[in-house]
Participant: 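For reference, the structure I am asking about is given below.
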Protein chains: 2
Amino acid sequence: MSETTTVTPQRRVTLAQVAEHAGVSLKTASRALGGEPHVTDQTRQRVLSAATTLGYRRNTAASLLASGRVAELVGLVTGDLTNPFYAALAQGLEDVIDPAGVQLNVASTREDPEQEWRLVRDLADLRVRGLAIVSAMDDHSRYAELQARGIELIFVDRPAQGVSACSVISDNLGGGRAAATHLLQHGHRRISFVGDYSWLHTYRQRVDGMGQVLDPEAPQWRELIRDGAHDSATARRHVLELESSDQPPTAYVAGNNRVLLGILEALSTTREDRPMPAVLGFDDVEWGPVMQLSVVATDPYRMGRLAGEQLVAGPSATEEPLVVPTSLIARGSGERQS
Amino acid sequence: MSETTTVTPQRRVTLAQVAEHAGVSLKTASRALGGEPHVTDQTRQRVLSAATTLGYRRNTAASLLASGRVAELVGLVTGDLTNPFYAALAQGLEDVIDPAGVQLNVASTREDPEQEWRLVRDLADLRVRGLAIVSAMDDHSRYAELQARGIELIFVDRPAQGVSACSVISDNLGGGRAAATHLLQHGHRRISFVGDYSWLHTYRQRVDGMGQVLDPEAPQWRELIRDGAHDSATARRHVLELESSDQPPTAYVAGNNRVLLGILEALSTTREDRPMPAVLGFDDVEWGPVMQLSVVATDPYRMGRLAGEQLVAGPSATEEPLVVPTSLIARGSGERQS
DNA sequence: GTGAAAGCGCTAACAG
DNA sequence: CTGTTAGCGCTTTCAC
């Protein structure tokens, strides 16, 4: 049933061979294959069929070297693909660039700035056309070096700082306001925001948005802010500590999808002698509908697409960040309790 | 606060310039930078520091062209990164190859064989060192063409068919047996397996494993098999249909993580006038612990790592598939009902 | 241990 | 419209 094929290594077909087979000069073959003008349709056909029969594929390295062009390649630098937020971003990006004939290279920083810089330079060495970066750095002036090499930069989710480049971000301020408003309307006053690294632009904007609504109504909310939770384990610890206090919060806001997981894990193990607190997530999760979770949804897939569009379109004038809206999705009644 | 840096494009530094700056010949500079022997430590130092001060970075395209070597690059071809299974696979792969100085290119087939072939050839044109493929094809004899080009192939999750190449797969047969045994022990007889595409090796193995246990005990289970559910929507439809039958199943087995989502979505909307059926997933999900879901866990991250190890180690003799164990994780009591 | 020349496969100028 | 001549930046002979 399964006939196994084996083949011996063979030298690759070169353009010269195609040209000879088609009876034209090297350059003519190059033109025909490259889709350049000034070639008779008939000649082009001859070259094309010669290429097909010979199984010719252009040598990218040679082509790039001779032309000085950049590769049809873009790089994506994120924290870690196991975070569905980044995975969705990657897929959005790929969905846009693939039809444009551009390939995707990915690299993970694990939120380490040094690692990021190393990865970004390695990517640059591949002569990528552009880079989409979810940066772990708070200052991007070093990136100017890459722009000087002709590489287009798009900062995603976290805006560019100290370098003149394009950014695609979420409306975190609006999201923060929406979260706070929602919880206030459901009667909550003791609200705890468990957030990501405090140096993150996204973190600060979300807190600020919530503050705009909560500071006048329930100023004590700031005492319940906890940060540094980029993973679920840290979030879990924060919640366990809060839950064991005299006056635990009646509602938790998860600063990101990992935190959401951590909060829910923690709450599922804590004492049952009080009403289950409400939980509101930032970033939607695939299991949100099943668990009836309310969230302020961001749209990483869309952000990926936007980044991809910028990258294939080439250098843009836009320096004002592109802001992707967030939306509050109320599901079930989890947040109605007090 | 944020001083913006701007730089004008500049020509890249070449090896010749480094050589001149260091007062050595082109070749010596090449040797020093390339870590080749036969260079005085002193000379090497001079070249290295010249390279640093000039900001030299080797031109990969030129280097590859001249040497004829392959790029320090591997490709990963999966269905779609938004599936956490593939995302974990990608991350496992990257975690292994990055320390080895190899970069990762990703591409999505969307389970279309034609698309796959196109992507795989484009990747090959980048002169990747190797390719890890979760293939949407049921015959891989065409892949011999890539091997002939010197590209190493690793088939992941779904074994190579019709070509002599390495495979890394899950113990689906054992997983199927474990799932069936578990449910039998909890008193279930009307068990429905809602599976992926029926042409998938993983699907067939899982069914076969279950059959080994269930056929003798509850032969009618096969009537409740449903397939073609690679996404949650299809799974949802299957469940809604089964639930509206006279004798709905007392337990569902989800053939993959998308199906699991679909089953749970469907069950959350169906009539409540009967005990909630048990649900057992294939593939673990991040929200498993929170929802107290029992699963037969596969280990895509580990599979990614194994694939990466093969790829960086270079051509291996192994043609026998590497089988990664699955493990039944019993959580909560969902499957105890009848 | 180091250097000079040749050429990887292709494309950019120009010339015809 | 087509062909010739140079190189892209690097690595490989093979001398010295």
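Order of the sequence lines fixes the chain letters, A, B, ..., with proteins taken first and strands second; residue numbering starts at 1 for each chain.
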Participant: May I ask you to verify if any side-chain N or O of A/Thr40 is less than 4.0 angstrom from the OP1 or OP2 atom of D/dT2?
Facilitator: yes
Participant: Check the pair B/Glu116, B/Arg158 against salt bridge (charged side-chain N to carboxylate O under 4.0 Å, His left out), reporting the backbone distance first and the verdict last.
Facilitator: CA-CA 14 Å; B/Glu116 174 178 330; B/Arg158 309 170 188 174; over 6 Å; no
Participant: Please report, rounded to the nearest Å, how far the C1' atom of C/dC8 is from the CG atom of A/Leu64.
Facilitator: 15 Å
Participant: Just how far, in rounded Å, is P of D/dC8 from CZ of A/Arg127?
Facilitator: 13 Å
Participant: Verify the contact: side-chain N or O of A/Thr28 to OP1 or OP2 of D/dT2, cut-off strictly under 4.0 Å; return yes or no.
Facilitator: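 No, no such contact exists.
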Participant: A/Asn59 side chain: which of D/dT11, C/dT11, C/dG9 is closest?
Facilitator: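 Nearest listed nucleotide: C/dG9.
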Participant: From C/dT11, D/dT11, C/dG3, pick the nucleotide closest to the side chain of A/Ala66?
Facilitator: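 Given the options C/dT11, D/dT11, C/dG3, the side chain of A/Ala66 is closest to C/dT11.
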Participant: Return no unless some side-chain N or O of A/Arg58 is found under 4.0 Å from OP1 or OP2 of C/dT11.
Facilitator: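 Yes, because at least one side-chain N or O of A/Arg58 sits under 4.0 Å from OP1 or OP2 of C/dT11.
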Participant: Go through C/dC10, C/dG1, D/dT4 for me and flag the one nearest to the B/His38 side chain.
Facilitator: C/dG1
Participant: Would you kindly compare B/Gly34 and A/Gly23 by the position of their nearest DNA chain D nucleotide and give the one closer to the 5′ end?
Facilitator: A/Gly23
Participant: Take atom CG of B/Leu33 and atom P of D/dC10, then tell me their distance rounded to the nearest Å.
Facilitator: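 Between P of D/dC10 and CG of B/Leu33: 9 Å.
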Participant: Find out whether A/Met137 and A/Asp112 are in side-chain contact, i.e. whether some heavy atom of one side chain is under 4.5 Å from a heavy atom of the other.
Facilitator: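 No, too far: nothing below the 4.5 Å cut-off.
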Participant: For C/dT11 and A/Ser30 - does any side-chain N or O of the residue sit under 4.0 Å from the phosphate oxygens OP1/OP2?
Facilitator: yes
Participant: Side chains of A/Glu94 and B/Ser108: donor-acceptor distance under 3.5 Å anywhere?
Facilitator: yes
Participant: Which comes earlier along DNA chain D counting from the 5' end, the contact point of B/Leu65 or that of B/Lys27, where each point is its nearest nucleotide?
Facilitator: B/Leu65
Participant: What is the separation between atom CZ on A/Arg57 and atom C1' on C/dC10, rounded to the nearest whole Å?
Facilitator: 16 Å
Participant: Ring-plane angle category for B/His230 and B/Tyr86, please: parallel below 30°, perpendicular beyond 60°, tilted otherwise.
Facilitator: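 Tilted.
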Participant: Rounding to an integer number of Å, can you tell me how far A/Arg69 CZ sits from C/dA12 P?
Facilitator: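 Rounded to the whole Å, the gap is 7 Å.
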Participant: Side chain to side chain donor-acceptor pair (under 3.5 Å), that's the test. Do B/Asp41 and B/Gln45 meet it? Break it down for me.
Facilitator: CA-CA 6 Å; B/Asp41 265 6; B/Gln45 281 313 323; over 6 Å; no
Participant: Consider the side chain of A/Thr14, meaning its heavy atoms from C-beta on, and name the nucleotide among C/dG9, D/dC10, D/dT11 that approaches it most closely.
Facilitator: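 The listed nucleotide nearest to A/Thr14's side chain is C/dG9.
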Participant: Quick one: is B/Thr43 getting a side-chain N or O under 4.0 Å of the C/dT2 phosphate, OP1 or OP2?
Facilitator: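 Yes, because at least one side-chain N or O of B/Thr43 sits under 4.0 Å from OP1 or OP2 of C/dT2.
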Participant: From the set D/dG3, D/dT11, D/dG9, return the single nucleotide nearest to any side-chain atom of B/Leu26.
Facilitator: D/dT11
Participant: Within the pair B/Ser25 and C/dG3, is there a side-chain N or O less than 4.0 Å away from OP1 or OP2?
Facilitator: yes
Participant: Hey, is the side chain of B/Arg31 pairing donor to acceptor with the base of C/dG3 inside 3.5 Å?
Facilitator: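 For B/Arg31, whose side chain was compared with the base of C/dG3, there is a donor-acceptor pair (under 3.5 Å).
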